[in-house]
Amino acid sequence: MSHLRIALLPGDGIGPEVTAAAVEVLQAIEALSDDLVFAFKTFSVGAGEYLRSGDPLPPDTLAMAREYDAILLGAMGLPDVRWPNGTEMAPQVDIREQLDLYQGIRPVQLYEESLTPLKGKAAGQIDFVLFRENTEGLFWERTAGHDPSADAVENAMRISRHGADRIFHAAFRAAEQRRRKLTLVDKANVLPAMAFFREVFDTVAAEYPKVETERVYVDAAALFLVREPERFDVLVTENMFGDILSDLAAGIVGGMGMAPSADIGDKYGVFQPAHGTAPDIAGKGKANPVATILSAAMMLDWLGLPEYGSAIRDAVENALQNPACRTADIGGNLRCAEMTAAVVRQL
Ligand code: ATP
């Protein structure tokens, strides 16, 4: 019997709605299995918590969440709730740093042909995983303040040997389990830090002779993602490039509502949709829960239950074969709860 304790951090905006959807699917999995029991505990983190307590990520809350087997997160931050320096609160990024979740993993899969805006791409032709380095890169100075009267403001890109080495190993290991191709995305022709990133990549690549490698500049990667996404199996890149390309990648498989993600370190795993709090549709019951449901599937894979992760992905794929099974963001009129029920029915 597997007893799994899951910390839920629903957050702000549509976060609570999509987290509840994923919990419903996990409960359906539990009901189907003879040997699986989930215990869920909800913690308050995010802009709402800041308004309540003055801290969007109270230290005691994260200390408690660390004791759970995995963390399932909705979305955090609200446009009107900002730090004095004008930046939005992003406790999900603080969590990544505090738990050292250096692997930002974004699988990009086209579940049904009509969901892509690209012409002539069949479902099997878009199936890759983006590995984003989560702890340094161009996000390194994200908490630095700035003098509003300054004539120039600089933010450094940090690439450390340790940081690059560990994300590359993770990406190579993933490529070994897939179609054995890894694409490095960088800007080594312009920035010295990116040339260093590529040197570390070349060193690590020598340890994985069975994996074919290619090196692509980030601007070309953006073009290829739109023109020939089928060329990619696993991609690896620094923090900000990964942030940008993962939204582009989501766009070619149906948008933010279809894009799951996992933030993983050597000890902890946090699973959350790639989208934000979507304040424009929050509280309307219109959010697409699929990204969070697929993130819960990634959580089950990571917890050593890939058969249940696959069952969820199959249920999503089967549900989407019905052209009426669509929320508004993907061209339909199902509400969040109805979309969730459609996935549960397939299970
Ligand atoms: P962040 O900066 O936190 O990533 P963002 O401001 O880039 O957030 P999102 O909150 O992801 O943006 O929203 C971008 C757009 O995508 C919005 O129009 C939003 O309504 C839409 N969107 C995002 N997630 C979903 C979802 N699950 N279902 C439907 N629409 C969504």
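When a residue number appears, it is its place in the shown sequence, counting from 1. As a basis for the values below, the full set of heavy atoms in this structure was taken, side chains included, without hydrogen atoms, waters or symmetry mates. Computed from a predicted structure; not experimentally measured. Both counts, for ligands and for their atoms, begin at 1 and track the order of listing.
Remark: ligand 1 and N288 share an N or O pair separated by less than 3.5 Å (distance only, no angle test). Geometrically, ligand 1 and H275 share a nitrogen or oxygen pair separated by less than 3.5 Å. Residue A278 places at least one N or O, backbone or side chain, under 3.5 Å from an N or O of ligand 1. Any N or O atom pair closer than 3.5 Å counts here, and A274 shares no such pair with ligand 1.
For atom 17 (C) of ligand 1, the nearest protein heavy atom lies under 4.0 Å away. Protein heavy atoms all stay at least 4.0 Å away from atom 5 (P) of ligand 1. Within the 4.0 Å cut-off (strictly below), a protein heavy atom is located near atom 27 (N) of ligand 1.
Looking only at distances, a side-chain donor or acceptor of K181 sits under 3.5 Å from a matching main-chain atom of R231. The main-chain N or O of M76 is never found under 3.5 Å from a side-chain atom of D12 such that the two would form a donor-acceptor pair.
Residue-ligand proximity, G257 to ligand 1, at heavy-atom distances under 4.0 Å covers atoms 26 (C), 27 (N). Shown in contact with M256 at under 4.0 Å from a heavy atom are these atoms of ligand 1, numbered in order with element: 23 (C), 24 (N). Less than 4.0 angstrom separates some heavy atom of A287 from each of these atoms of ligand 1: 28 (N).
Not a single heavy atom of G77 sits less than 4.0 Å from an atom of ligand 1. For the ligand labelled ligand 1, residue D280 lies inside the 4.0 Å heavy-atom shell.
Side-chain contact check for S114 and R326: at least one donor-acceptor pair (N or O, by modelled atom type) lies under 3.5 Å. Between the side chains of R52 and S44, at least one donor N or O lies within less than 3.5 Å of an accepting N or O. No side-chain donor-acceptor contact under 3.5 Å links E97 and T135. In this structure, a donor-acceptor pair under 3.5 Å is present between the side chains of D266 and Y102. Checking T327 against D329 by side-chain atom types alone, a donor-acceptor pair falls below 3.5 Å.
Taking the centre and axis of the six-membered ring of F139, the NZ or CZ atom of R96 falls outside the cone set by 45° and 6.0 Å.
I281 CD1, 4.1 Å is the protein heavy atom nearest to atom 31 (C) of ligand 1. When only non-hydrogen protein atoms are considered, atom 7 (O) of ligand 1 lies nearest to D247 OD2, 4.7 Å.
Ring-centre distance between F131 and F168: not below the 6.0 Å cut-off. With ring centers used as reference points, Y217 lies 6.0 Å or more from F241.
Of the listed residues (V93, D329, I14, T277), the one carrying the non-hydrogen atom nearest atom 25 (C) of ligand 1 is I14. For atom 11 (O) of ligand 1, the nearest non-hydrogen atom from the set P79, S246, G276 comes from G276.
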